[in-house]
There are 2 protein chains.
Amino acid sequence: MADADSGLTVKDRHAAVYAELRQRICLLDYPPRAQLSEIALAGEFGTSRTPMRRVLARLEEEGLVQSVHGVGTFVTDADITELEQAYRLRVELTGLTGQLDPVTPDTVFLMELQRLITRAAQMIVSGTPRSFTELDMDVFQALLHLTANEPLRRVLERLYYQTKRLWLVKAIKAELDLQEEYGIFLHELQAIRIALESGDLMAVAQIQRAHISMSFNRLRKQSAI
Amino acid sequence: MADADSGLTVKDRHAAVYAELRQRICLLDYPPRAQLSEIALAGEFGTSRTPMRRVLARLEEEGLVQSVHGVGTFVTDADITELEQAYRLRVELTGLTGQLDPVTPDTVFLMELQRLITRAAQMIVSGTPRSFTELDMDVFQALLHLTANEPLRRVLERLYYQTKRLWLVKAIKAELDLQEEYGIFLHELQAIRIALESGDLMAVAQIQRAHISMSFNRLRKQSAI
DNA sequence: TCCCCGCCTGATGTGCACAACGATTTGTCA
DNA sequence: TGACAAATCGTTGTGCACATCAGGCGGGGA
């Protein structure tokens, strides 16, 4: 793994490793029930078990892995019944982003959003479940800047990465209409842009909230088959 | 420190140490800016630095302590301007407890609540800021059972312990009318009991939400002097 | 042939010694 | 006497060796 950690403090390195592992888990590079070796990861990131264990402990706090003494560290399986509570909480908290410390975006933000919309449009013609998830993560991170409430942002980020695997698992199993998913997502982004240009952050939050809720319903409908 | 850890698994021991340190910080046994020694704590709890560092790392995640390489681990100071966002989020999330997976209490719960109300009544005649905070923690833990949404409970617990020190700091500095605080708290508990007996969990949540909001306003008014 | 007991392997958890780092103190020079 | 620099001390961060534990494998006895 090439790091190029020029001038970064040690804590930032830990955060980078954490984010990298979280990404791999949520993109199913490490699928559910996969085993993570502390020694192997330590070797890959050029460190020892001690700092790696700290990162894994945090991932365990977030519910993405589970360590068992004498057995191993395993990626948790994304079970929709267990994550339903987290998903519903995420729906409500997303609605709060319009109330708690909303941030009116600048032109840089709007340009970035336009780029994301362009990527979403290309997704319809040549999109894979994985590339779509990567785009969704970038959109999430961008829209997170619309609230300045730091505790809310942290909780939302946590819930996002806890629940996001559900979609990708179902998509890979071809239990979702991908074209429909892509189209709905593009439509959501365009609606958000319109709301943003009118400065209505409350509307932006409600649009996101509605789409997260509907996305969960689509996931649930498929898993009921 | 007497532990009496008969039959407990190792992870439970870690959780117990974490809860104990969190309690000490929030009761100001470790006041803001106090230094925590990894070696001293390890000796007190009969373990070594390695597991203790894991506990301290979690406390750092929760924002209760801060570790600086080569300097030490210090209790963060409870600053009302920094915690305002957390407090407002806590207000909104408390309101959600009536919507997300509410749990209708059984008679055991109501009896426990009655005991807490009795303690609150005694508090008015012979209460200290510290004993009041201990009661408040017990009440919080009890009322947390009114929602079965586990992610919501975890977030609420986190926000509670992040923000609770604010009250105790102001109370010790005699910047709060303690008799008024005790009376309001007793009144809140009685209102909650009435709402519970009528089975209106939404009302219970709104009562709590209102009192947390008002409590924060009283804290802010005093700190503005 | 089947079952049970014990060993063996590989993993996480722990303890300890050392490295890295920052604040303070002390010594030296102008 | 004052100011700057180097050393010293205490603390957190890291690496490694060992302890602990769970599961699998194999051998022996009924």
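Numbers restart at 1 for each chain; the letters A, B, ... are given by sequence-line order, proteins then strands. Predicted, not measured: the structure shown is a model, and the values here were computed from it.
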How many Å lie between [atom1] on [X] and [atom2] on [N], as a whole number?
X: B:R49; N: C:dA19; atom1: CZ; atom2: P; value: 14 Å
X: B:F45; N: C:dT14; atom1: CZ; atom2: P; value: 15 Å
X: B:K11; N: C:dG13; atom1: NZ; atom2: C1'; value: 11 Å
X: A:F74; N: C:dA11; atom1: CZ; atom2: C1'; value: 8 Å
X: A:M52; N: C:dA11; atom1: CE; atom2: C1'; value: 16 Å

Result of checking A:T76, A:T133, A:D77 against A:R165 for side chain to side chain donor-acceptor pair (under 3.5 Å): A:T76
Pair [X]-[Y], side-chain donor/acceptor within less than 3.5 Å:
X: B:D177; Y: B:Y182; answer: no
X: B:T147; Y: B:R153; answer: no
X: B:T128; Y: B:S131; answer: yes

What is the nucleic acid contact for B:L56, judged by heavy atoms within less than 4.0 Å: base, sugar-phosphate only, or nothing? nothing
Please produce a list of atom pairs where a protein N or O lies less than 3.5 Å from an N or O of nucleotides 6-10 of chain C.
unit_1 : atom_1 : unit_2 : atom_2 : d
C:dG10 : N2     : A:G70  : O      : 2.9

In the structure I gave you, are the side-chain heavy atoms of B:E84 and B:R220 within less than 4.5 Å of one another anywhere? yes
Salt bridge present between A:R24 and A:E20 (N-O < 4.0 angstrom): yes
Taking 4.0 Å as the cut-off, does a side-chain nitrogen or oxygen of B:H14 come that near to OP1 or OP2 on C:dT12? no
A:E38 side chain: which of C:dA20, C:dA17, C:dG13 is closest? C:dG13
Please confirm whether A:R22 makes a cation-pi placement over A:Y161, using NZ or CZ under 6.0 Å from the six-membered ring centre and within 45° of the ring normal. yes
Quiz item: cation-pi between A:R33 and A:F74, 6.0 Å / 45°: no
How far apart are the closest heavy atoms of A:T94 and A:R209, and which atoms are they? CG2-N, 3.8 Å
What are the two closest heavy atoms between A:P102 and A:L201, and how far apart are they? CB-CD1, 3.6 Å
Which residue lies more 5' along DNA chain D, comparing A:V68 with B:V68 via nearest heavy atoms: B:V68
Relative to the 5' end of DNA chain C, which residue comes earlier, A:G72 or A:T50, by the nucleotide with the nearest heavy atom? A:G72
So for the helix from C:dT1-D:dA30 to C:dA30-D:dT1, with five pairs setting each end axis, what is the inter-axis angle to 10°? 20°
For DNA chain D, note the earliest and the latest nucleotide, 5' to 3', having some atom under 4.0 Å of a heavy atom belonging to chain A. D:dT14 to D:dA22
Measure the CG-CG distance between B:L21 and B:L41 for me, rounded to the nearest 0.5 Å. 5.5 Å
